[in-house]
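Given the structure is predicted, the values throughout are model-derived calculations rather than measurements.
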Amino acid sequence: MLTTKLHIHDYLESCKTSLLESWRQKIIISSNDPYQEKILKNGELMFSIIQKAIMTPYEEMRPQIEALARRVSEERVAAEINIGEFVYNVSIGRSIISHQLFQLDFKEKKLFTQEIFDNINNCFDRFLYCAVSHYDELKNKIIEEKNSFINQSH
């Protein structure tokens, strides 16, 4: 199994430049987003996490995934951008990676196990869950602070 994981990891590494370029061309970035460059860097970091997830159990990856998710959600709140753009961009990344892995020829597809596919999807799912949950907490806190200010003003 280790050989299979290493093979898939190396395969993604060999496609990294084209996968990231394809993602950059398809994502949505608002023109007024102050974190435009960070979005691209965050995409590269997520790609690296996905590569590591092929070789590493999720629980070992969890701190990296949650740290990136929290940072990204804070950037999305600060940018005052619709969270839908973020979810869309992450989904595009997942689709591009999945599509690339399904391009493996038949012999290599045999090497691609359900465990690897599940690890990749679990990372994307957990990343989205953590980021959107933290985003929601931050937005609710802002609303509560505004309501408190309004109530104190009256």
Side-chain angles (χ1 to χ4, degrees), residues 1-2 4-103 112-149:
M1 182 63 168
L2 182 59
T4 302
K5 290 179 178 182
L6 187 57
H7 178 76
I8 300 300
H9 177 277
D10 292 347
Y11 176 71
L12 283 179
E13 183 63 31
S14 71
C15 304
K16 182 178 180 175
T17 303
S18 64
L19 291 173
L20 289 171
E21 183 55 34
S22 178
W23 177 74
R24 282 184 194 109
Q25 291 175 6
K26 294 178 181 178
I27 61 173
I28 297 172
I29 301 178
S30 296
S31 59
N32 61 337
D33 191 326
Y35 296 97
Q36 290 179 17
E37 288 302 313
K38 284 195 171 197
I39 291 171
L40 302 176
K41 295 281 186 217
N42 292 337
E44 291 172 13
L45 284 172
M46 189 62 191
F47 183 85
S48 296
I49 288 172
I50 294 302
Q51 278 186 289
K52 289 177 190 170
I54 291 168
M55 306 293 290
T56 310
Y58 169 74
E59 285 307 316
E60 291 179 37
M61 299 298 303
R62 186 178 186 162
Q64 289 178 341
I65 292 169
E66 290 180 359
L68 180 60
R70 289 180 69 80
R71 187 167 48 81
V72 168
S73 63
E74 289 165 7
E75 291 169 3
R76 298 297 79 213
V77 169
E80 298 180 359
I81 300 297
N82 183 318
I83 193 67
E85 286 182 17
F86 163 75
V87 172
Y88 175 81
N89 292 343
V90 173
S91 296
I92 289 295
R94 181 197 313 241
S95 296
I96 289 169
I97 290 172
S98 296
H99 179 76
Q100 188 66 41
L101 290 173
F102 287 118
Q103 298 304 309
F112 189 71
T113 66
Q114 188 65 44
E115 179 186 345
I116 293 169
F117 191 71
D118 289 346
N119 283 352
I120 291 169
N121 279 326
N122 192 31
C123 284
F124 275 112
D125 292 341
R126 295 294 183 139
F127 175 72
L128 279 170
Y129 175 78
C130 290
V132 172
S133 295
H134 188 61
Y135 176 91
D136 191 46
E137 289 171 16
L138 294 172
K139 291 297 267 187
N140 284 339
K141 185 178 177 183
I142 291 169
I143 291 168
E144 287 172 15
E145 289 171 356
K146 287 180 180 179
N147 284 340
S148 177
F149 177 76

Quiz item: Does the side chain of Ile50 come within less than 4.5 Å of Phe124's, by heavy atoms?
Solution: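 They are in contact (side-chain heavy atoms under 4.5 Å apart), so the answer is yes.
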Quiz item: At what distance, to the nearest 0.5 angstrom, does CE of Met55 lie from CD of Glu60?
Solution: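 Taking CE in Met55 and CD in Glu60, the distance rounds to 11.5 Å.
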Practice problem: Rounded to the nearest 0.5 Å, what's the gap from CG on Leu101 to CD1 on Ile116? Could you check? | Solution: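 Spacing of CG (Leu101) from CD1 (Ile116) equals 8.5 Å.
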Is it the case that over 12 heavy atoms from other parts of the model lie below 6.0 angstrom from the [atom1] atom of [X]?
| X | atom1 | answer |
| --- | --- | --- |
| Glu37 | CD | no |
| Tyr58 | OH | yes |
| Arg71 | CZ | yes |

Counting only N and O atoms by type, is there a donor-acceptor contact under 3.5 Å from the side chain of [X] to the main-chain atoms of [Y]?
| X | Y | answer |
| --- | --- | --- |
| Ser133 | Cys130 | no |
| Asn89 | Ile28 | yes |
| Ser91 | Val87 | yes |

Exercise. Would you sort out whether Arg94 and Asp125 count as a salt bridge (charged side-chain N to carboxylate O under 4.0 Å, His left out), showing the intermediate values?
Key: CA-CA 10 Å; Arg94 181 197 313 241; Asp125 292 341; 2.7 Å; yes
Donor-acceptor list for residues 79-86 side chains, cut-off 3.5 Å, not counting sequence neighbours:
| residue | atom | partner | partner atom | Å |
| --- | --- | --- | --- | --- |
| Asn82 | OD1 | Gly84 | N | 2.5 |
| Glu85 | OE1 | Ser30 | OG | 3.1 |
| Glu85 | OE2 | Ser30 | OG | 2.6 |

Quiz item: At their closest point, which heavy atom of Cys123 faces which heavy atom of Met46, and how far apart are they?
Solution: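 That closest heavy-atom pairing would be O-CE, 3.8 Å.
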Quiz item: Can you list the steps and then say if Glu59 with Arg62 is a salt bridge (charged side-chain N to carboxylate O under 4.0 Å, His left out)?
Solution: CA-CA 5 Å; Glu59 285 307 316; Arg62 186 178 186 162; 3.6 Å; yes
Practice problem: State whether a side-chain donor-acceptor pair under 3.5 Å links His9 with Glu13. | Solution: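 The answer is no; no qualifying pair exists.
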Quiz prompt | Step-by-step side chain to side chain contact (heavy atoms under 4.5 Å, CB included) determination, Ile39 to Arg76 | solution = CA-CA 10 Å; Ile39 291 171; Arg76 298 297 79 213; 3.9 Å; yes
Quiz prompt | Arg24/Glu21 salt bridge by N-O under 4.0 Å criterion | solution =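 A salt bridge links Glu21 with Arg24.
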